[in-house]
Structure formats: structure tokens, C-alpha cells
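Everything numeric here is computed off the predicted structure, so don't read it as measured data. The chains referred to below are lettered A, B, ... by the order of the sequence lines, with proteins before strands, and numbering in each begins at 1.
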Protein chains: 2
Amino acid sequence: MPADAHRTKAAPDAGRAEPASPLTERQEARRRRILEACARLASRGGFDAVQMREVAESSQVALGTLYRYFPSKIHLLVATMQDQLEHLHATLRKKPPAGETAAERVAGTLMRAFRALQRDPLLADAMVRALTFADRSVSAEVEQVFRRTTAIILDATDLADPTPEQLSAVRVIGHTWHSTLITWLSGRASIEQVGADIETVCRLIDLTAPPRSRQS
Amino acid sequence: MPADAHRTKAAPDAGRAEPASPLTERQEARRRRILEACARLASRGGFDAVQMREVAESSQVALGTLYRYFPSKIHLLVATMQDQLEHLHATLRKKPPAGETAAERVAGTLMRAFRALQRDPLLADAMVRALTFADRSVSAEVEQVFRRTTAIILDATDLADPTPEQLSAVRVIGHTWHSTLITWLSGRASIEQVGADIETVCRLIDLTAPPRSRQS
DNA sequence: CGCCGATCTAGAACAAGTTTCAGAGTTGAT
DNA sequence: ATCAACTCTGAAACTTGTTCTAGATCGGCG
């Protein structure tokens, strides 16, 4: 059962360091080659162009090995998303968004992220489709992506210690972000509409935490 | 090119009557059998259990015919969702939700819808996964589902003629509904969390339309 | 009635995700 | 250095969505 091996052995996973098992250098390199090949293929062609045989060949790894590292195409794409989100988060940390209210900062952050994804719509499409298509067997990995998204938004709010209400708002914002992204990617909404919806949902933050007025 | 034939001939589509082409009785019956078989299979087994060969056999139709009616598994599941949503909408119309504010009524409606789907989680899973996985080739059908969802929410607000702002809020609520549903279905959120997030997002409606105060 | 074009059927064929397996390569501990 | 255990490779096999083909049926029309 190689899928099991993945869970216990070959998945370095992503708290920040590798909690599960050390992973030799060559293994780390393989993993990286795979993720890069995946992103490369996705970025032309989108979801359909990420074909497991192609990824394997393109990253110089046998098909079986690919499946040991990522037990399904969905796992692979979700991991790719996690990877890209980490880059994005790092970038955002360097230049945190300006803005009076938390809502403005969050909206600004999300629109910046949105523009980043716009530059590579097919990659974005592949990753987001994988994310929402994922079933229970991927929930751990999906959970991580959501945590990262939440962290990005929470960073933008600049809130020291959020109430449950605020966490709920942040979750809703995250959901909206993913949904509008999908809607835009399938050509069912314009960029303006995306912008409007992002701004709309971001008000929820101020609603539960006006700069310094209501506190329980 | 049978897929093309679908678009011009065999798809009655769903404004309310059949705009495209008459569709004989037997054809209507076939279509209905297919949708029912799809729902039945989805309802045990979920997305994976809806196998095109099974659907075909179960609805007493040849595989090729199935594909003439629904050009892909995704089309089929999205059509099934549209079908189910119509039932739901009809039911809701009969007993509109009570509540002081628009937010309460919308939240009430959505939670009722949510409980309806809870009764058949696997069917819900299959439909919603198909919906968000759909690519451009299904956008017309997906659009219809979103329109129906929007109509349901808008009905609950009881607003005569919504501003663009309110429409944006309604869209965001719709997105949140689908996302939380997915999150719950993949076991990444509890029912309480779903309830909380629905209530949170529904405040957006009151925010843009307090019962009778702000008007442009 | 008998014919025509569209529709339906049965089944083969193809594509891409996934699994499996035998053998070669690495690694780590002794 | 050597052995055992684990990992990687290459290739074939299997599954399920999708397409294709040849022939049977159907519905309308002269």
C-alpha cells in the first residue's frame, strides 16, 4: 500500500519544516521537480494538461514514484497550490497592504493576490478546481490550504486576537475568494464583479470589529 | 457531432418550458429516467457512483443516447442539481420563511435548504462537486443553477428591486452557501460552523438594506 | 405502403487516472 | 563490505469517462 507509505514517509507536508520524516536531499529534489513540472504544465493547458504520465516524464520520475509522492492528481494540484500560496504569503509579508480599515486592507490584499493569479489563469484554474473538487481523502491537505488562506487574510486584518465572530467572517471571506475566483475563471463573471464582491464581503470584518468601538 | 446535436435538439433546457425543440413524449420520459437514475445512484455512493454506463443501464438507454442528452457527466450532474433546486424552490415558495429582517429570512431559508440536502449528503456532494468542477463548456448550465440559487435568496429577502450592492451581497451569500456546503460535505466543518458562517454572511443583506432607513 | 432522415442501440475503441509487479538501485546498520 | 529493507524504475493492466461505428427503429410524408 504505497498510498500509506505516502502518509508516513514521503510526504514532508508543510507546517514549515518537515515533521513526518526527514526526506533525503534527492527526495526533496524529486518532490520539487514534480511540483515544478506540475505548475509548468498547468500554466499552459490548465487542469487537463496536467497529465500524470506527462508530469512523471517531465520531472524525470517514474509514474509509480509520482504516485508515491502524491497519491492522486488532486493531491498533486492541491500541494502545488499550497506551494504557490506560500510564495504569495511571503511576498505579501514583505509589503503589507496599506489602508485605514481592516476591510480595506483585506480587500487590498485579496485583490493583489487576485492579480497575481490573473497572470497565470490556467494554473490558477487547475489549482482551484482541484481544491474544490477534492474529496475527504484530501481533506488534510485542503485544510492546510484553507489555513494558509485564513492566515493571509488574518494578517491583513492586523487583529491581535480575533473573536469567533471574526474568525467566521474570515472564513466567509476565504470562501468568497475561492468562489469568485472560480466564477471568474470559468468566464461567468467580470473582473469588476469580482472586485465588487470582494469589497462587499470584506465589510464583514469591519462589521464585527470597527476600528476601536465595540468590544465584548 | 452528437454533442452539437444536444445543443440544438435534445436539450429542452430549463427556463420553464422547452424553448429549443419540442421533444417528444418518449424523449421527455427518457430524460426524466436519466435524471432519476442519476439522482438515485448519486444518493448512494456519491459522485463516484454516478458512472455513465450505470446511469445508462439503469435508465434503460444506450450509452450513446445518454451522451446525446447530457454531453458529459458534469453536465448530467449539474442538470440534476438544477432539477432538485426547482423542487426545493417550489417547496420554499409554498412556505416562505418568517423573520423580522431580511438577514433572518435568508439565513432561515438557507438553513432549511441545508437541512434538505443533509438528508441526502451523497447526492448533495455529487451535485455540488460537479458544479464547482465544471469548466467553461458547462457555463451556461452552471449559470442557470446560480440564477436559481440567487432567485431563491432574493425571494427570501422580499426586496422589490435590489440595488447592485444588494445583488453583490446576494452573490456573495450564494458563494458562501456553496462553499460551506462543500466544506461540510468533506468533513472539514461542523454543522454549527456552517450555521455560524451562514448567519455571518447574511448580515450583509441588512448592511446594504436596513429595513427602511437608507435609500439612494 | 414504402422511403428518408433523425434517433436509438449495442458494442468496440480510445484516453487518462490509477494500480500492480518484477527487478534494479540506495541506504543504513552492523 | 555486506545484508536487509526500503525506494525507484519501466512497463503492463485495469477503470471509467468519452468517442465512434454499423445497424435497428421511429416518425413523418409522398
A.B. asks: C:dG17 C1' sits how many Å from A:F133 CZ, rounded?
C.D. replies: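 Between C1' of C:dG17 and CZ of A:F133: 11 Å.
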A.B. asks: Counting side-chain heavy atoms from C-beta on, which of C:dA12, D:dG17, C:dT18 comes nearest to B:M52?
C.D. replies: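 Closest of the options to the side chain of B:M52: D:dG17.
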A.B. asks: Report yes if at least one side-chain N or O of B:Y69 is closer than 4.0 Å to OP1 or OP2 of C:dC8; otherwise report no.
C.D. replies: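 For C:dC8, OP1 or OP2 has a side-chain N or O of B:Y69 closer than 4.0 Å.
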A.B. asks: In whole Å, what is the span from the CZ atom of B:R26 to the P atom of D:dG28?
C.D. replies: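 Between P of D:dG28 and CZ of B:R26: 11 Å.
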A.B. asks: Counting heavy atoms from C-beta on, name the nucleotide in D:dG17, C:dT9, D:dC8 closest to the side chain of B:A62.
C.D. replies: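 Nearest to the side chain of B:A62 among the choices is C:dT9.
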A.B. asks: Among the candidates D:dT18, D:dC26, C:dA16, find the nucleotide nearest to the side-chain atoms of A:Q51.
C.D. replies: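 Within the option list, the nearest is C:dA16.
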A.B. asks: Send over the distance from B:F70 CZ to D:dT18 P, rounded to a whole Å.
C.D. replies: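 B:F70 atom CZ is separated from D:dT18 atom P by 13 Å.
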A.B. asks: Expressed in angstrom and rounded to an integer, what is the separation of B:E57 atom CD from C:dC8 atom P?
C.D. replies: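 After rounding, the gap between these two atoms is 19 Å.
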A.B. asks: Given A:Q82, which partner from the list A:L77, A:V145, A:V142, A:L35 fulfils the side-chain contact (heavy atoms from CB on, under 4.5 Å) test?
C.D. replies: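 Single pass found, and it is A:V145.
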A.B. asks: A:L63 side chain: which of C:dT7, D:dG17, D:dA12 is closest?
C.D. replies: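 Taking heavy atoms from C-beta onward, the closest nucleotide is D:dA12.
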A.B. asks: Look at the side-chain N and O atoms of B:Q27 and state whether any lies under 4.0 Å from the OP1 or OP2 oxygen of C:dC8.
C.D. replies: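 Looking at the OP1 and OP2 atoms of C:dC8, one of them is under 4.0 Å from a side-chain N or O of B:Q27.
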A.B. asks: Quick one: do the A:R40 and A:S58 side chains pair a donor with an acceptor below 3.5 Å?
C.D. replies: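 Yes, A:S58 and A:R40 have a side-chain donor paired with an acceptor closer than 3.5 Å.
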A.B. asks: Determine whether a donor-acceptor pair (one donor, one acceptor, N or O, separation below 3.5 Å) exists between the side chain of A:R68 and the base of D:dT9.
C.D. replies: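 Donor-acceptor pair under 3.5 Å: no.
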A.B. asks: B:I34 CD1 to C:dT7 P: how many Å, rounded?
C.D. replies: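 It is 14 Å, rounded to the nearest whole Å.
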A.B. asks: How many Å lie between OH on B:Y67 and C1' on C:dA10, as a whole number?
C.D. replies: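 Atom OH in B:Y67 sits about 16 Å away from atom C1' in C:dA10.
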A.B. asks: Check this for me, if you would: do A:R203 and B:E165 make a salt bridge, where the nitrogen-to-carboxylate-oxygen distance has to be below 4.0 angstrom?
C.D. replies: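 Between B:E165 and A:R203 there is a salt bridge, with a charged N closer than 4.0 Å to a carboxylate O.
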A.B. asks: Could you say whether B:D48 or A:L66 is positioned toward the 5' end of DNA chain D, judged by the nucleotide with the nearest heavy atom to each?
C.D. replies: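 The residue mapped nearer the 5' terminus is A:L66.
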A.B. asks: In whole angstrom, what separates A:L41's CG from C:dG17's P?
C.D. replies: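 It is 11 Å, rounded to the nearest whole Å.
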A.B. asks: Thinking salt bridges, do A:R147 and A:E143 make one under a 4.0 Å N-O criterion?
C.D. replies: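 Looking at A:R147 and A:E143, the cut-off is met.
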A.B. asks: For B:E54, which contact category applies under a 4.0 Å heavy-atom criterion: base, sugar-phosphate, or nothing?
C.D. replies: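 Answer is nothing: B:E54 stays at 4.0 Å or more from every strand.
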A.B. asks: Counting only distance, no hydrogens or angles, is the base of C:dT18 paired donor-acceptor with the side chain of A:R53 under 3.5 Å?
C.D. replies: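 Indeed, a donor on one side and an acceptor on the other fall under 3.5 Å apart.
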A.B. asks: Which part of the nucleic acid does B:V55 contact within heavy-atom distance under 4.0 Å: base, sugar-phosphate only, or nothing?
C.D. replies: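 The answer is nothing, as B:V55 stays clear of every strand by at least 4.0 Å.
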A.B. asks: C:dT9 C1' sits how many Å from B:R30 CZ, rounded?
C.D. replies: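 In whole Å, C:dT9 C1' and B:R30 CZ are 10 Å from each other.
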A.B. asks: When you match A:V50 and A:G64 each to their closest nucleotide on DNA chain C, which lands nearer the 5' end?
C.D. replies: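 It is A:V50 whose nearest nucleotide is closer to the 5' end.
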A.B. asks: Answer yes or no: is there a donor N or O on one side and an acceptor on the other, between the side chain of B:R188 and the main chain of B:T183, under 3.5 Å?
C.D. replies: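 A pair under 3.5 Å: no.
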